[in-house]
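All remarks here apply to the structure that follows.
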Amino acid sequence: MTFTIGIGPNNRKSCYFDATVADGVKSFSVYNHMFIPAHFGDPAAEYDRLMNGVAMWDVAAQRQVEIKGPDASGLIQYLTTRDMSKTKVGQGRYVPLCDHAGNLINDPVLLKLEENRFWLSIADSDIALWASAIAAERGLDVQVFEPDVSPLAVQGPKAEAVIASLFGDWVRELTYFGFKQTDLDGIPLVLARSGWSKQGGFELYLQDSKFGPDLWAKVKAAGQPHGIGPGAPNDLERLESGLVSYGADGRLQVNPCNPFEIGLGKLVDFEKGDFIGKAALQKIVADGVNRQRTGFTIDGEPILHFEDNLTVVDPKGVAVGTLSEATYSPRCGGNIGVGMIAKDAPDDLFVTYDNETRQLHLARLPFV
Ligand code: THG
């Protein structure tokens with residue numbers, strides 16, 4: 001059975017949309033109300049480019065929420081669980097956002113552009129609405145809006161050579177999550193060392209979507225000598241690397257979880273001032289966190305990649321967790337997945353996949 005998703009006004013096109021179509025995109029997903037390429041039809045080649053070469057990804061759906069004005073840093077402190085008071089202009093940070101019950105509602109990369117100007121580079125949930133409502137209700141003097149910014153990721157061991165050939169050798173000095181306002185032949189962008197893989201790379205935050213096709217073409221041309229090709233945030237690599245995927249690993253409306261459960265507890269700082277969810281999270285810690293995100297290996301034949309919430313049971317058939325995403329990993333020589341597991345769960349675990357019972361084993365993240 002195959003399905004299609006309509007390309008219509010309910011979801012937005014990225015400024016790289018036409019370029020990805022021309023380059024053979026075969027499947028889209030939807031993220032922040034925008035189409036995002038899912039794959040280009042050759043998973044082995046896309047994975048190989050990420051691991052051994054260089055890949056370019058349309059990640060414009062990682063939308064920015066800009067927060068600027070006299071109360072911007074105060075609002076950022078209140079929205080996030082981390083202490084941002086020591087973060088400098090030009091630094092990025094990975095910052096969990098929680099609701100008042102302590103549930104994770106997003107896990108953006110924060111970019112501090114000026115003392116009182118920030119971008120939250122968000123995962124898939126409506127943070128511009130959330131942040132502007134919080135600001136208005138608290139009477140803060142800030143503007144909260146989605147700017148015309150469209151990230152393009154260049155990932156893989158050869159990404160630095162490609163980016164240096166475009167921008168110069170200074171890019172080699174960028175630290176992880178460090179960024180700089182710059183331009184490429186007059187195309188305005190913020191260049192950051194970041195990206196949703198553990199293979200290294202950069203993200204180009206294009207600041208004017210009319211240059212989308214142009215920027216795509218320039219990166220593609222510069223990458224030719226290094227064998228660049230199109231790709232998308234890679235599920236196999238992210239599972240192997242243990243990167244959090246808000247949406248797959250937890251989503252407020254589907255399988256809510258708190259930062260301690262999902263493995264981001266070290267990014268919750270109770271010593272800083274007040275922040276949304278603080279009281280609830282303190283109670284959660286006091287009561288004891290009784291499940292946690294974990295890796296699984298899954299016995300049996302190679303399984304096709306899936307994202308779902310399959311119930312994990314103990315030998316008596318009692319539910320003790322969920323398996324939320326899994327795939328076959330050639331690098332691990334078997335099936336791997338991530339999910340949530342009760343702290344007191346036994347070692348004998350089972351899941352029903354494709355009408356068949358499979359045994360699972362707990363595995364430490366990251367797998368590699
Ligand atoms: N880049 C940008 N925006 C994004 C993502 C991105 N928005 C959506 C989504 N990805 C946000 N989620 C993540 C999750 C993990 C990481 C980045 C963004 C990540 N984690 C590293 C890790 O877990 O090893 C480092 C974490 C840390 O330094 O604490 O990179 O990818 N622009």
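When a ligand or atom number is given, it counts from 1 through the structure's own listing order. Remember, it's a predicted structure, so these values are computed and weren't measured experimentally.
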the protein heavy atom lying closest to atom 25 (C) of ligand 1 turns out to be Tyr176 OH, 3.9 Å
May I ask you to list the atoms of ligand 1 that are less than 4.0 angstrom from any heavy atom of Val244?
-> 14 (C)
More than 12 non-hydrogen atoms from neighbouring residues, nucleotides or ligands closer than 6.0 Å to CD on Glu137, yes or no?
-> no
Check ion pair Asp208-Lys210 (N to O, under 4.0 angstrom) | yes
Considering only heavy atoms of Trp196, which atoms of ligand 1 have at least one such atom less than 4.0 Å away?
-> 10 (N), 13 (C), 14 (C), 15 (C), 31 (O)
Stepwise, does the side chain to side chain contact (heavy atoms under 4.5 Å, CB included) test hold for Cys332 with Val368?
-> CA-CA 8 Å; Cys332 298; Val368 283; 4.3 Å; yes
Examine ligand 1 and decide if any of its atoms is less than 4.0 Å from a heavy atom belonging to Arg93.
-> no
Can you find an N or O of Arg82 that's nearer than 3.5 Å to an N or O of ligand 1?
-> no
Asp71/Arg138 salt bridge by N-O under 4.0 Å criterion = no
Near Leu243, which atoms of ligand 1 are under 4.0 Å from a heavy atom of that residue?
-> 19 (C), 20 (N), 21 (C), 22 (C), 23 (O), 24 (O)
If you scan protein heavy atoms around atom 3 (N) of ligand 1, the nearest is Ser121 OG, 2.6 Å
Under-4.0 Å salt bridge between Lys198 and Glu237 = no
Taking only heavy atoms of Asp107 into account, list the atoms of ligand 1 that are under 4.0 Å away from them.
-> 11 (C), 12 (N), 13 (C), 14 (C)
Where ligand 1 meets Ile122 - atom numbers and elements under 4.0 angstrom, heavy-atom basis | 7 (N), 8 (C)
For residues Ala248 and Arg238, report the shortest heavy-atom separation together with the two atoms involved.
-> CB-NH2, 3.8 Å
Decide whether Tyr246 and Asn106 meet the rule of one side-chain donor and one side-chain acceptor closer than 3.5 Å.
-> no
Going by atom types only, do Asp58 and Thr20 share a side-chain donor-acceptor pair under 3.5 Å?
-> no
Run the numbers for me: atoms of ligand 1, each under 4.0 Å from some heavy atom of Val109, listed by number.
-> 1 (N), 2 (C), 17 (C), 18 (C)
Check each of Tyr31, Tyr246, Tyr205, Tyr94 against atom 9 (C) of ligand 1 and report the one with the nearest heavy atom.
-> Tyr31
Under 4.0 angstrom from ligand 1, any heavy atom of Ser194?
-> no
Aromatic plane relationship, Phe306 with Tyr353 - under 30° parallel, 30 to 60° tilted, over 60° perpendicular = parallel
Protein contact to atom 2 (C) of ligand 1 [nearest heavy atom, distance to 0.1 Å] | Gln62 OE1, 2.9 Å
With a 4.0 Å cut-off, would you call Arg251 and Asp124 a salt bridge?
-> yes
Find all atoms of ligand 1 within a distance of less than 4.0 Å from any non-hydrogen atom belonging to Phe177, and give their numbers and elements.
-> 28 (O), 30 (O)
Go through ligand 1 atom by atom and flag the ones less than 4.0 Å from a non-hydrogen atom of Lys198.
-> 21 (C), 22 (C), 24 (O)
